[in-house]
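Note sheet for the following structure.
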2 protein chains.
Amino acid sequence: MTQPTIKDIAKKLNISPSTVSRALNDHPDISAETKRLVEMTSKELNYFPNTIAQSLKTKRSTTIGVIVPEIKHDFFSSAISGIEKVAYQSGYTIMVCQSNESYEREVINTKALASQRIAGLVISISQNTVNGNHFKALQKRGMPIVFFDRVCDDVDASKVVINDEESAYKAVNHLIERGYTKIAHITGPLNLKICKDREEGYKKALREHSLFEDKDFIISSGLHEENGYQSMEALFNLGKIPDAIFAVNDPVAIGAFKKIKEYGLKIPDDIAIVGFSNNPITSLVEPPITTVNQPSFGMGQRAAELLIKQIESDAEFKPVTEVLKTTLIVRGSS
Amino acid sequence: MTQPTIKDIAKKLNISPSTVSRALNDHPDISAETKRLVEMTSKELNYFPNTIAQSLKTKRSTTIGVIVPEIKHDFFSSAISGIEKVAYQSGYTIMVCQSNESYEREVINTKALASQRIAGLVISISQNTVNGNHFKALQKRGMPIVFFDRVCDDVDASKVVINDEESAYKAVNHLIERGYTKIAHITGPLNLKICKDREEGYKKALREHSLFEDKDFIISSGLHEENGYQSMEALFNLGKIPDAIFAVNDPVAIGAFKKIKEYGLKIPDDIAIVGFSNNPITSLVEPPITTVNQPSFGMGQRAAELLIKQIESDAEFKPVTEVLKTTLIVRGSS
DNA sequence: AACGTTGTCGCAAACGATTGCAGAAATTAA
DNA sequence: TTAATTTCTGCAATCGTTTGCGACAACGTT
């Protein structure tokens, strides 16, 4: 694994490495002729600058770290694409890690990225993240960090979010308008702000329509499909059957959806269902599931934009929180 | 952005950077007491080794580059998870790039990763990749490369694939056994080996059962959902309506699925459908779609294992091609 | 003829870490 | 007491690149 270096070019042309470096960077001190020669030889040797050495010297890095709970979730893979698009346009490459919803793994990832001396970090925290100390430690050294979707409340950084409470409120309101009255909510881990907020929106809608808030109708679990399935099972075992489900996200909605069908009930006649995120799958099942459209790609883009701005500006940094718009997509399940 | 270095620790303890380096690496030359002190101070300063400087010096890198066409495709995100799992276990981090199915972009990504002096590359090529020169250039410098799924035939490297022809053959055979006789095939870009192979399997099954091979029934397009939709539309416009569809992959199958439903035909009564990859979505639509289960996670794992073995062995490298097992998952669509 | 410009280029130090080699101190052996 | 050995640590070079500074021609200007 030996790649040609600037020295190889220098030796070949009988000039100094400094001159080669300057020529490659189009420095005005260097004559056009020398630049031409260097350019030629560089092509000939198939030279790639050693980014490693460059960033060691310049103390600048063009790598952006990204940590998400799981790549395979459509929301995140789509957000990653958004991040990558912006990063690419600004000359950065991204380094993606998965926390797999584990706090420990998230801390390890954070340290690994810090060791790689990334220019900045874009992150959506795991469902088990209990505090933001690992982020604060990086921030103290001046590392720019931007959170998206699942933010860490105790860290003072830029954030790209949606209004979860309002979106949930609108979704539940929609169910109420459709005439559903026994609306259950399957939520996620309550240490995640997005889950708490969505639950708040749910409660607010019920309250405003003086609908009875049944504690049993709020069931807390994880964020995966199987959690939705199990939660729905628990609801059935309860004896009291709701006439509508508001799920914290689409995978959970799909899980509940499956269980309802298996149980032999009709959607939306017996039970209506509303999800969250507009995962492509929701439009393909029968009936298609009503959901809240969350601009995943756009959130990734915006997060990357904020991060790069922060990396490249030398002005005093002041964190901003951007709230992106959501829309309710009404489909056959409600 | 100033992170503490080995020098900071050295200064604080009034010892030399070399001693600190050795202490951190648990070198036998260093006394237990010194190691303890270094350890303490390192913790206290929240020191992370500068991977950049380390790999510059040691000429070893612990970053594995990954290039896939699109992260958002379930097959790839799942394969990435497989790669990441293995990489993580062996102390590597991965750097993920998307080619977005563009050859140019793939070349740029390759060069960027080369500049980052990655330890090796795992790649599934874009549907527009016309040759493997950009890979050969890297190989010439000794960079280990492993292909998975979409391989580059003209590059002599390790590969992790499935038997596409046989899998397709089995899938089509299944349709024939079920009594379907007018089986159409929606394929992908023909410069991709996987597409050609699947088409071969399709043809072979037809031939063996002396079924008429209708040129119009092989329709070539892209690998996305919309391509399946359009191809199905084209088939309908043809006048001759097939009684079964074998799609090159699941997104295409889903697209065709949608069009068939819109057209008012029943699946599987009027038209049966079989996909490829076992994308989770295929089990959720109604009826669920028969598909070929492709071990995406396992392919990623295996590719990473082969790569790491190649990186870490100093023996003469001889490329291997591993063929992973597929299984046909029969569901309601056939 | 002496000087200042201008245009090109090289020297050498630096970035943060690793490592072969040498040196100092402490210990033991003769 | 002196030499040999062991144990611990530091010096300095190195990885590939960047960059401040100085060198040195070849000019033109007085």
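So that the names make sense, note that chain A is the first sequence line, chain B the second, and so on, each numbered from 1.
A residue-by-residue look at B:I15 and B:T58 shows that B:I15 has its nearest nucleotide of DNA chain D further toward the 5' end.
Looking at heavy-atom distances under 4.0 Å, B:S55 makes no contact with the nucleic acid at all. Residue-level contact check: A:I52 touches neither bases nor backbone, having no heavy atom under 4.0 Å from any strand. When heavy atoms are screened at a 4.0 angstrom cut-off, B:S21 is found touching base atoms of the nucleic acid.
Between D:dT18, D:dT9, D:dT17, one nucleotide has an atom nearer to the side chain of A:N25 than all others, and that is D:dT18. Taking every side-chain heavy atom of B:I6 into account, C:dT18 is the closest of C:dT18, D:dG16, C:dT19. The side chain of A:A53 lies closest to D:dG16 when the candidates are D:dC11, C:dG16, D:dG16. Closest contact between the side chain of A:D29 and the listed nucleotides C:dA17, C:dC9, C:dG10 involves C:dC9. Side-chain proximity of B:T5 to C:dC9, C:dA17, C:dT18: nearest is C:dA17. Candidate nucleotides C:dC15, C:dT19, C:dC9 were compared by shortest atom distance to the side chain of B:S18, and C:dT19 ranks first. Picking from D:dG16, C:dG16, D:dG10 the nucleotide with the shortest atom distance to the side chain of B:K57 gives C:dG16. Closest contact between the side chain of A:L56 and the listed nucleotides D:dT17, C:dC15, C:dT8 involves C:dC15.
Rounded to whole Å, the distance from CD1 on B:I9 to P on C:dG16 is 13 Å. Rounded to an integer number of Å, the gap from CD1 of A:I30 to P of D:dT19 is 13 Å. One atom, NE2 of B:H27, and another, C1' of D:dT7, lie 13 Å apart when rounded to the nearest Å. Between the CD atom of A:E33 and the P atom of C:dT8 there is a distance of 11 Å, rounded to whole Å. Protein atom CZ of B:R60 is 17 Å distant from nucleotide atom C1' of D:dG16, rounded to whole Å. Atom CD of A:Q54 and atom C1' of C:dG16 are 16 Å apart (whole Å). Atom pair B:Q3:CD and C:dG16:P shows a separation of 10 Å (rounding to whole Å applied). For the pair B:L37 CG and D:dT9 C1', the computed distance is 14 Å after rounding to whole Å.
Neither OP1 nor OP2 of C:dC9 sits under 4.0 Å from any side-chain N or O of A:T19. Side-chain N/O atoms of B:T34 include none lying less than 4.0 angstrom from OP1 or OP2 on D:dC8. Taking only side-chain nitrogens and oxygens, A:K35 never comes nearer than 4.0 Å to OP1 or OP2 of C:dT8. Between A:K59 and D:dT18 there is no side-chain N or O to OP1 or OP2 distance below 4.0 Å.
A cation-pi contact links B:R105 to A:Y88, judged by a cut-off of 6.0 Å to the six-membered ring centre and 45° from its axis.
Residues A:D154 and A:K136 are paired through a salt bridge, judged by an N-O separation under 4.0 Å between the basic side chain and the carboxylate. Contact check on A:E305 versus A:K309 returns no salt bridge, with no Lys/Arg side-chain nitrogen under 4.0 Å from an Asp/Glu carboxylate oxygen. In summary, B:E101 and B:R150 engage in a salt bridge, as defined by a charged side-chain N under 4.0 Å from a carboxylate O.
Judged by distance alone with a 3.5 Å cut-off, no donor-acceptor contact links the side chain of B:R117 to the base of D:dG16. The base of D:dG20 is paired with the side chain of A:R22 by a donor and an acceptor separated by under 3.5 Å.
For the side chain to side chain donor-acceptor pair (under 3.5 Å) with B:E106, the qualifying choice from B:H134, B:K111, B:Q98 is B:H134, the only one to do so.
Heavy atoms of other residues, nucleotides or ligands lying less than 6.0 angstrom from NZ of A:K193 number 12 at most.
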